[in-house]
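The model shown is predicted, which means the values in this text are computed figures rather than measured ones. Ligands are counted one by one from 1 in listed order, and the atoms in each one are counted from 1 as well.
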Amino acid sequence: LRPTHRLLSCPGPVAADLKREEQSSRNVETGSEDKIPKKKFSEVQKERREQAQRTVLIHCPSKISEKKFLKYLSQHGPISNHFFYESFGLYAVVEFCQKESITSLQNVTRTPSMDTEAAIPFKSRFFNVKMKNPSNQTSEQPCIRCSNHTPPSSKKLSELLCYAESIDDQLNTLLKEFQLTEEDIKLRYLTCSLIEDLAAAYFQDCTVRPFGSSVNSFGKLGCDLDMFLDLGEIGKFNTNKTSGNFLMEFQVKNVSSERIATQKILSVIGECLDHFGPGCVGVQKILNARCPLVRFSHQASGFQCDLTTNNGIALKSSELLYIYGALDSRVRALVFCIRCWARAHSLTSSIPGSWITNFSLTMMVIFFLQRRSPPILPTLDYLKTLAGAEDKCIIEGHNCTFVSDLNRIKPSGNTETLESLLKEFFEYFGNFAFNKNSINIRQGREQNKPESSPLHIQNPFETSLNISKNVNQSQLQKFVDLARESAWILSQEDKDRPSPSSNRPWGLATLLLPSVVNSVSLAKKKRKKPASERIKNLLESIKSSSPENDTNTNGK
Ligand code: GTP
Ligand code: MG
């Protein structure tokens, strides 16, 4: 069960601060709705990481006086930002202005003495506040007020969509309601930073970085937290220190392949998280997957985490998606819409299997936007031509070079509305020659499929790989059928738009809410396949999701 995040706020000046935060969180990282210069991905990562290093996580009693709490903490130094949320209990995220404040706080914090368990004396940045006299605090209770921080319920979403003025407005509403908030992003970077403290006990100069949808600007509230353990110099065995007679012991303790090294590193980190990781529960080591990983729940933040190492290409893919998301404000709106649509119709799932992944769907939207006339997004090859010397990047022999400065990319002259793009997206993929063509965002045009997988989306960096190799024919067919039906529903919309006061679902609402997609489910029923075929498909999905056939790498 994933706990809900509820942001707690206060009346008075603090509430005003939070309100401002909330407003500023609308543009999240990309600044795509602002005219301010857009930050490079690496700048955002650096800034956020530094913020997280000055931040602590505190489990608070539910009856707490915020004023006293902050007053107590500010004895250790000025606080630049804080917020409360509810996961399994009440938590505060407190960002100090200086890192030193944390050491000061740690120095006056005691390790709990337990009767039945021995505490490991690891100085974490995750604290627990125990009140001596909780009853004294009750008079101040009304101070903390809850504000919800979860994606909207279907009912609320349906209402919001019904009252929107246009389909464009509906897409923007969906984006606004589902995108990660400023606080959620802060908590993601903080969680990585807390895990890094632990991993650093083994690998001194390591870095734990978030990647995937937590940072690529396409994350929906509640999405998993993908982490990458970057061993930096330690990981590179052939550093240039070749002179001298001494070899470090770890360097001679060779293993036969890089994969085995990765498995061993993740194995010890997995053990470490399991035994000593404050708030880390349900640790699973999935070391035999194509990309080995450790999966666990960070209970305090409520995030489902996937930790990998040796995965620089995935971090580069996140940067590429970040760039695409920041180039035009229509990109994220459309991707969120397609992701929500796919989820509503069970085209995607949180369980790996033969279904399309969010990553593949995002690639399909990017490809579609490259195919518009004039194009809304440039090809990856074009982004490569804009790259400066500092952007040159080769990872494991793959050229991952592309421009990092967003301001060097000219905006598109295309003025199509979101409504028309959505309709066209469904038309385009409802009629795409999947049997012979591959989707290729590097060149921005279809290519002949080099192999026979039903859906072929070329991995933009490891170009001989297909990122959707896991998708089977029946899942692809389901996608195509739904795309056609959705195109049809949207084309009927123009003729049949209800007045806003009628409270009847229209536009996106008819496409997204399973309870109202009657026409789609009816059409599906009409064409329902014989039971034998459905069972065959089911078996096929199970087969392709079993570990030995784990072609769904999840990029990890
Ligand atoms: P959600 O978690 O579904 O919100 O999206 P996500 O983009 O984070 O996807 P996921 O957690 O499955 O994977 C994390 C990242 O790994 C992605 O953003 C990609 O950068 C990368 N990735 C995922 N699947 C693949 C794949 O099949 N091939 C490659 N090369 N990278 C992948
Ligand atoms: Mg993810």
*Select one of side chain, backbone, both or neither to describe which atoms of Arg339 lie under 4.0 Å from any atom of ligand 1, heavy atoms only.*
side chain
*asked:* Tell me whether ligand 1 is touched by Thr357 - counting only heavy atoms on the residue side and a distance under 4.0 Å.
replied: no
*Inspect the contact between Lys186 and Glu183 and indicate whether a charged nitrogen and a carboxylate oxygen are less than 4.0 angstrom apart.*
no
*Give the ring-plane orientation class for Tyr85 versus Tyr91, where under 30° counts as parallel, over 60° as perpendicular and anything between as tilted.*
parallel
*Quickly, which of Leu225, Asp226, Val283, Leu229 forms a side-chain contact (heavy atoms from CB on, under 4.5 Å) with Leu307? Name it, please.*
Leu229
*Which single N/O/S atom of Asp224 lies at minimum distance from the Mg ion (ligand 2)?*
OD1
*Do Trp341 and Phe426 have ring centres separated by under 6.0 Å?*
yes
*Considering the heavy atoms of Ala314, write down every atom of ligand 1 situated less than 4.0 Å from one of them.*
20 (O)
*Near Cys223, which atoms of ligand 1 are under 4.0 Å from a heavy atom of that residue?*
4 (O)
*How does Ser213 reach ligand 1, if at all, at less than 4.0 Å between non-hydrogen atoms: by side chain, backbone, both, or neither?*
both
*For the residue pair Phe228 and Phe211, categorise the inter-ring angle as parallel (less than 30°), tilted (30 to 60°) or perpendicular (more than 60°).*
perpendicular
*Any N or O of Asn358 that comes nearer than 3.5 Å to an N or O of ligand 1?*
yes
*Starting from the C-alpha separation in whole Å, work towards a yes-or-no answer on side chain to side chain donor-acceptor pair (under 3.5 Å) for His298 and Ser301.*
CA-CA 6 Å; His298 191 260; Ser301 61; 2.8 Å; yes
_Show me which atoms of ligand 1 lie under 4.0 Å from any heavy atom of Asn459._
29 (C), 30 (N)
*Which bit of Ile467 gets closer than 4.0 Å to ligand 1, counting heavy atoms only: side chain, backbone, both or neither?*
both
*Any idea which atoms of ligand 1 are less than 4.0 Å away from a heavy-atom of Asp224?*
2 (O), 11 (O)
*Evaluate the criterion ring pair (Phe, Tyr, Trp, His ring centres under 6.0 Å) for residue pair Tyr428 and Phe425; output intermediate values, then yes/no.*
CA-CA 5 Å; Tyr428 184 77; Phe425 174 89; 8.0 Å; no
*the Mg ion (ligand 2) is nearest to which N, O or S atom of Asp226?*
OD2
*Please state which part of Phe211 comes within less than 4.0 Å of ligand 1, counting heavy atoms only: side chain, backbone, both or neither.*
side chain
*Any idea how Phe479 and Phe434 line up, ring-wise: parallel (<30°), tilted (30 to 60°), or perpendicular (>60°)?*
perpendicular
